[in-house]
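Here is the structure we will look at.
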Number of protein chains: 4
Amino acid sequence: MKKADKHKKILAAAIHVFGEKGFYNARISDIAKEAKVADGTIYLYFNNKHDILLTLFEEEIGKLIVQIKGAIAEEKDPRKMLKIFAHNHMKLVIEKKELAEVLQMELRQSSAPIKQYRNTSFADYINIISDIIHMGQEIKVFRSNLMPGVIKRAFFGALDEMSRLWILAPDNTYSMTECAEQITNIFLHGIVPAESH
Amino acid sequence: MKKADKHKKILAAAIHVFGEKGFYNARISDIAKEAKVADGTIYLYFNNKHDILLTLFEEEIGKLIVQIKGAIAEEKDPRKMLKIFAHNHMKLVIEKKELAEVLQMELRQSSAPIKQYRNTSFADYINIISDIIHMGQEIKVFRSNLMPGVIKRAFFGALDEMSRLWILAPDNTYSMTECAEQITNIFLHGIVPAESH
Amino acid sequence: MKKADKHKKILAAAIHVFGEKGFYNARISDIAKEAKVADGTIYLYFNNKHDILLTLFEEEIGKLIVQIKGAIAEEKDPRKMLKIFAHNHMKLVIEKKELAEVLQMELRQSSAPIKQYRNTSFADYINIISDIIHMGQEIKVFRSNLMPGVIKRAFFGALDEMSRLWILAPDNTYSMTECAEQITNIFLHGIVPAESH
Amino acid sequence: MKKADKHKKILAAAIHVFGEKGFYNARISDIAKEAKVADGTIYLYFNNKHDILLTLFEEEIGKLIVQIKGAIAEEKDPRKMLKIFAHNHMKLVIEKKELAEVLQMELRQSSAPIKQYRNTSFADYINIISDIIHMGQEIKVFRSNLMPGVIKRAFFGALDEMSRLWILAPDNTYSMTECAEQITNIFLHGIVPAESH
DNA sequence: GATGAATGAGACTTCATTCAT
DNA sequence: TATGAATGAAGTCTCATTCAT
């Protein structure tokens, strides 16, 4: 097995274990068992337990950004881009449930390295939204009196909270696709009927 | 000092310490020092470390619910109620920054008792939103083709994500009041200009 | 309530609690609750936890010695005295089950103060047996080629082991009286010279 | 060093420390130091402090039973078997003084697991005596009007009490061999029918 | 590189004892 | 004298990390 493979294998195991138990309740030996390596082997690939989490954030979120940018690239209409973002986000949550779980849990922690992390790589992901908003405001399909910095967080927060529900109880009645649809719809048009504007 | 006072004092210290370091990085001795009691004293008022967190949730969220319901009670228009909720939530975050920090961090954890907790007491808080939505749909000021269960989460998620930003960096440029305003505005009317509907 | 009464009450409670849980598993607060006094009150009557145990040994064994000497006093025949001792010992075990339990458990401990104790006050109790043996050897009703120091321990050990069984399971089939009888019988017809058979 | 060796080493250290201080006064760190391992290492071999004691009982008493049965096996005369048992018991006490000390102390404790233990494995050891008595009663060398269940305890109790003396003060004047001799003598000439004298 | 037994710092928690009331 | 809340020393046990094989 190549070095990169074992690195991947350990990271995959970490996603599984962190997702299930949370970072602090996860044991290095849990990850080692899941990855089918010895405890000590993990330290040949990572500096320490925190490093596994950080690496996991870095590498996996990087992939997400690449993927979602690719999905949006072909589209020109910011309204549709927003819809694509929402659907893509939900799809990611479903396909990478365990990773989503880890991100939801650990990105909220306030330990110094994580705080810093939220301000860099993770921000890139959310900034995709504000880029879309900017674009929409320039071509006047979005109102210009709303701040992109607020909208991006509101939009992401809405999707994130919705996906948390699904992660906690994946058997819920609202399909994630329908959720993405409704949330985009709400953000685009509001909940007050158009005629009453 | 009365017994109830020491209970409060320890809980206040716990909010401070948990908020600063997170549950798992907080030491009982940190809380004790903050509360200016001996380590052992904490165990006269709480069964164990987890119990402090649970009690904290139980007692503090209860208060929030009471407060926010009071704030909304006088209002009849669901649109205004939503605005009041948003403003009140932000006000709470500012006034009880440390508590907000703890809630944001720990309610995401996946340990069994917390998961269960999210499904009960905490749900009551969010359900205030869906109640408002229902009301609005009945009197036709809100569109009826949107699911209250989705809206409540989207709305709460938006506020929550916004307040996280403020908690991490309280010196940010967007005032929380302005945020509450914009988020309510987005939810009510959408980001697409009305005339283009 | 007089001072002496509270002293007694605490001691009685200690016998109960030590008997039930053993010295190390007994809590001062258990004894206090049993004695219906505050924890702190105990320290007005005893120096510390160990002191309760020591006092208990001292005072209670003292009583036993007085009682058993009284029971034997009227008798002249060493063979009958031995029988009386056995019966009396068993009676004590039954009547003061909890005290017996404490003595059985704690007199075996090897902590310094207890070791010392076994060599003094408790020895007095057992020495009643060797005194009887001596007497019997002098008037030739007991074989003189057996060492009183061995017999006293063997006899006490036999009774003690038998009573341990009863303490652990008071509902056993052998009555304690019958046991005392048999043990005395065994010892007598062994230590009585063969020619007197 | 093989895994089994370290298990042994820790157990040997535990026997030493428990024998010296008693279970409750023994510290895990004492045992670790004695065994020349780290505190944590002990928990790789045992679940907890109590488990060390239980394992110690289980493994060591098992060995004693095997040994003593072997010693008796060649003999046919129940009277001689009893003598062999007594001598062997005393020899064990001398050779395994520390283990004997632990057994004497801890088997008297009343904690649930130990009580239960006394009723199972330890009972096997004492039952060797009653088996001998039964045998002797069948071939009429022992009186049949004495209950084996009483005799076994009386005999064991006598030996046990005697060995306690030696353990507390190994420099005493009565040699253990002589004690075994006298105790057997006392018991034999009591349980052997008078007419066979 | 890989292993996993060993380490030992450090956490939580208990409870005998004190002392202000 | 009596109380019982408070103390804090000290113990058991966990687990990230190391290192000899």
Side-chain angles (χ1 to χ4, degrees), chain A residues 1-3 6-7 10 23-33 35-52, chain B residues 1-3 5-7 9-10 24-33 35-52, chain C residues 1-3 6 10 23-33 35-52, chain D residues 1-3 5-7 10 24-33 35-52:
Chain A
M1 186 180 280
K2 279 183 297 179
K3 187 164 174 167
K6 200 157 276 186
H7 177 99
I10 293 170
F23 180 77
Y24 286 102
N25 289 315
R27 303 290 149 242
I28 286 290
S29 58
D30 294 336
I31 299 173
K33 193 182 289 177
K36 287 176 187 156
V37 298
D39 290 24
T41 304
I42 290 179
Y43 289 85
L44 298 174
Y45 295 87
F46 300 91
N47 296 322
N48 51 46
K49 197 182 168 189
H50 254 99
D51 185 39
I52 303 176
Chain B
M1 182 178 286
K2 279 182 298 182
K3 195 164 174 169
D5 288 340
K6 199 153 280 186
H7 177 98
K9 212 168 101 180
I10 293 169
Y24 287 104
N25 288 315
R27 304 288 147 240
I28 288 291
S29 58
D30 294 336
I31 299 174
K33 194 180 290 178
K36 286 176 186 154
V37 298
D39 291 21
T41 304
I42 291 179
Y43 290 87
L44 297 176
Y45 295 88
F46 301 91
N47 296 323
N48 50 45
K49 199 183 164 188
H50 251 100
D51 187 39
I52 304 177
Chain C
M1 183 180 287
K2 278 182 299 181
K3 187 166 175 167
K6 200 158 276 188
I10 293 169
F23 179 77
Y24 286 102
N25 289 315
R27 305 288 147 243
I28 286 290
S29 59
D30 294 335
I31 298 173
K33 192 182 291 177
K36 285 175 186 156
V37 298
D39 291 22
T41 305
I42 290 179
Y43 289 86
L44 299 173
Y45 295 87
F46 300 91
N47 297 322
N48 52 44
K49 197 183 168 188
H50 254 99
D51 186 39
I52 303 176
Chain D
M1 184 180 286
K2 278 183 299 180
K3 195 161 175 173
D5 287 340
K6 199 153 279 183
H7 177 98
I10 294 169
Y24 287 103
N25 287 315
R27 302 289 148 240
I28 287 291
S29 57
D30 295 335
I31 299 173
K33 195 181 289 177
K36 286 177 187 153
V37 298
D39 290 23
T41 303
I42 290 179
Y43 291 88
L44 297 176
Y45 295 88
F46 301 91
N47 296 323
N48 52 45
K49 200 183 165 190
H50 251 100
D51 186 39
I52 303 176

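Convention: sequence-line order gives letters A, B, ...; per-chain numbering from 1. Keep in mind it's a predicted model, so treat the numbers as computed, not measured. These values consider heavy atoms only, across backbone and side chains, with no hydrogens, waters or symmetry-generated copies.
The nearest whole Å value for the distance from the CG atom in C:Asp39 to the C1' atom in E:dC15 is 10 Å. With rounding to whole Å, B:Leu44 atom CG is found 12 Å from F:dG8 atom C1'. For the pair B:Ile28 CD1 and F:dA6 P, the computed distance is 16 Å after rounding to whole Å. Nucleotide E:dA5 holds its P atom 15 Å from the NE2 atom of D:His7, rounded to whole Å. The OH atom of D:Tyr43 sits 12 Å away from the P atom of F:dG11 (whole-angstrom rounding). One atom, CG of D:Asn48, and another, P of E:dC12, lie 21 Å apart when rounded to the nearest Å. One atom, CZ of A:Phe46, and another, P of E:dA2, lie 13 Å apart when rounded to the nearest Å. With rounding to whole Å, D:Ile42 atom CD1 is found 18 Å from F:dC15 atom P.
Looking only at distances, a side-chain donor or acceptor of B:Lys49 sits under 3.5 Å from a matching main-chain atom of B:Ala26.
Residue D:Arg27 places at least one side-chain N or O under 4.0 Å from the OP1 or OP2 atom of F:dT12. Contact between the side-chain N/O atoms of D:Lys6 and the OP1/OP2 oxygens of E:dA6 is found at a separation under 4.0 Å. OP1 or OP2 of E:dA2 has at least one side-chain nitrogen or oxygen of A:Tyr45 nearer than 4.0 Å.
Looking at heavy atoms from C-beta onward, C:Val37 lies out of side-chain contact with C:Tyr45 at the 4.5 angstrom threshold.
Here the shortest heavy-atom pairing between D:Ala35 and D:Ile10 reads CB-CA, 4.1 Å. For the pair B:Ile28 and B:Ile52, the tightest heavy-atom approach, listed with the atom from each and the gap, is CD1-CD1, 4.1 Å. For C:Phe46 against C:Asp51, the heavy-atom pair with the smallest separation is CA-OD2, 3.5 Å.
The residue among D:His50 and B:Val37 whose nearest nucleotide of DNA chain F lies closer to the 5′ end is B:Val37. Judged by closest nucleotide on DNA chain E, D:Ala38 is the one of B:Ser29 and D:Ala38 placed further toward the 5' end. Taking the nucleotide of DNA chain E with the nearest heavy atom to each of C:Gly40 and D:Lys36, the more 5' of the two is matched to D:Lys36. When each of D:Ala26 and A:Lys49 is assigned the nucleotide of DNA chain F bearing its nearest heavy atom, the one mapping closer to the 5' terminus is D:Ala26.
Side-chain N/O atoms of C:Tyr43 and C:Asn48 include no donor and acceptor closer than 3.5 Å.
The aromatic rings of A:His50 and A:Phe23 are tilted relative to each other, their planes meeting at an angle between 30° and 60°.
Scanning DNA chain F for stems, defined as runs of 3 or more consecutive Watson-Crick or G-U wobble pairs whose donor-acceptor distances all fall under 3.5 Å, gives the following ranges: E:2-21 with F:2-21.
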